[in-house]
Structure formats: structure tokens, C-alpha cells
Amino acid sequence: MRVKVSRKAHFNAAHRIFNKNWDDKRNEDTFGKCNGINYHGHNYELIVSVTGEIDPETGYVIDIGLLKNIIRDHVEIELDHKNLNLDVLYFKNVIPSAENISIYIYNKIKPLLNNNFDLEIILYETPRNFVTYNGN
Ligand code: NI
């Protein structure tokens, strides 16, 4: 029996959505206020889910304290109160959309987990707008 275990986390970060290969007009037409030159912030809500078999000796799929620490050490410390475009090397060449941030978070956490686990990242950029990435 495989069970999905989830941990919620949070970070605040700033970004600007633009394609550096495009001119100003095309960026403005495509991204509107998300392209604002002075950046803007979001209160990101993150749900990290791990699916796997229950260990009969602990009753756990994963120690959620371990998952909490992984998220803190490898996601929150790096991204919280940062400007994603300027402070996170990965986003020098990747547009820091919610889609791409979710992939970045997935790729940071996945190698830290047992291979038998499936990982899913849900990232809320606003209370109404969110993306899901599970490696597929
Ligand atoms: Ni934004």
C-alpha cells in the first residue's frame, strides 16, 4: 500500500517574468505587469508530497521531520526573501515562472530521497494560481 505524505512550507520571493531574448514591446505584450522592471513579490505556498510504501517497523512512509528539514535546508533557506532573477543562479537563464520554480524545487529534493519514493511539488504563487510537477 502506497501512501502520499505531504508537508506544507512557505517562502517569500521576488521575481520578474521576461524573456531576455525579446524586445521590450514583446515582453510587455506577453507578460504585462509581471514584466515590471522593478520586480514584484509573491507569498509562495509549497506542498511537497512523497508517496511510498509504509515501513512496517515505523508505520511511516517517511519521517515528516526529515522532510521538513530537507525543505528548510534545500528550498526555504535558498529562496526565502530572495530575488529569484538576481540571487539564484539557476534563474539567470531560466524564466522564474511558477512552473520553472516547481521544477527547480523538485530537482533539488528528488536526489535527497530514497529512489522508491515518488515526489510531487505543488507551488501556489497566489491563493488561486498554482502549478503541480511530479517529474513527468
Ligand atoms: Ni509574479
Side-chain angles (χ1 to χ4, degrees):
M1 289 172 292
R2 292 172 68 80
V3 175
K4 179 157 85 173
V5 175
S6 300
R7 168 80 187 176
K8 281 186 172 177
H10 176 83
F11 59 93
N12 301 314
H15 73 172
R16 177 191 174 201
I17 302 296
F18 72 108
N19 186 321
K20 64 184 181 182
N21 299 315
W22 293 358
D23 63 24
D24 289 347
K25 180 174 188 318
R26 189 171 177 194
N27 273 305
E28 178 64 30
D29 289 349
T30 303
F31 300 119
K33 65 182 183 180
C34 295
N35 174 50
I37 195 165
N38 289 330
Y39 306 93
H40 62 274
H42 291 285
N43 299 316
Y44 289 97
E45 294 288 346
L46 175 65
I47 302 172
V48 176
S49 297
V50 173
T51 302
E53 296 286 338
I54 299 171
D55 179 340
E57 294 194 304
T58 61
Y60 293 164
V61 171
I62 185 172
D63 180 344
I64 208 143
L66 173 68
L67 186 59
K68 170 189 170 183
N69 291 343
I70 286 173
I71 297 166
R72 181 193 63 208
D73 295 346
H74 298 273
V75 178
E76 291 174 321
I77 286 175
E78 186 183 11
L79 301 184
D80 189 37
H81 284 73
K82 297 296 173 58
N83 179 314
L84 300 178
N85 301 78
L86 301 180
D87 297 331
V88 182
L89 187 62
Y90 180 82
F91 295 114
K92 294 274 187 240
N93 295 306
V94 176
I95 296 171
S97 60
E99 292 87 332
N100 284 329
I101 299 167
S102 72
I103 293 170
Y104 180 69
I105 292 170
Y106 178 97
N107 288 335
K108 290 207 77 168
I109 295 176
K110 190 72 171 77
L112 303 172
L113 300 174
N114 186 310
N115 257 336
N116 299 326
F117 292 140
D118 292 322
L119 176 64
E120 178 185 84
I121 303 297
I122 299 177
L123 183 67
Y124 283 77
E125 194 165 75
T126 74
R128 293 173 188 275
N129 298 341
F130 61 98
V131 301
T132 303
Y133 182 63
N134 59 19
N136 296 321

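Each ligand, and each atom within it, is numbered from 1 in the order the structure gives.
Other cluster members for Ile17: Trp22, Phe31, Ile95, joined by side-chain heavy-atom distances under 4.5 Å among Ile, Leu, Val, Met, Phe, Trp and Tyr.
Among residue pairs with one or both ends in residues 60-89, none qualify as ring-ring contact (aromatic ring centres under 6.0 Å, His included); sequence neighbours excluded. For residues 47-58, the pairs satisfying side-chain hydrogen bond (donor to acceptor under 3.5 Å, both in side chains) are Ser6-Ser49, with sequence neighbours left out.
The neighbour count for Phe117 CZ, taken as heavy atoms of other residues, nucleotides or ligands under 6.0 Å away, is above 12.
A side-chain N or O of Glu125 and one of Tyr44 form a donor-acceptor pair less than 3.5 Å apart. Under 3.5 Å, the side chains of Tyr104 and Glu78 contain a donor-acceptor pair of N or O atoms.
Within the protein, the N, O or S atoms lying under 2.8 Å from the Ni ion (ligand 1) are His15 NE2, His40 NE2, His42 NE2.
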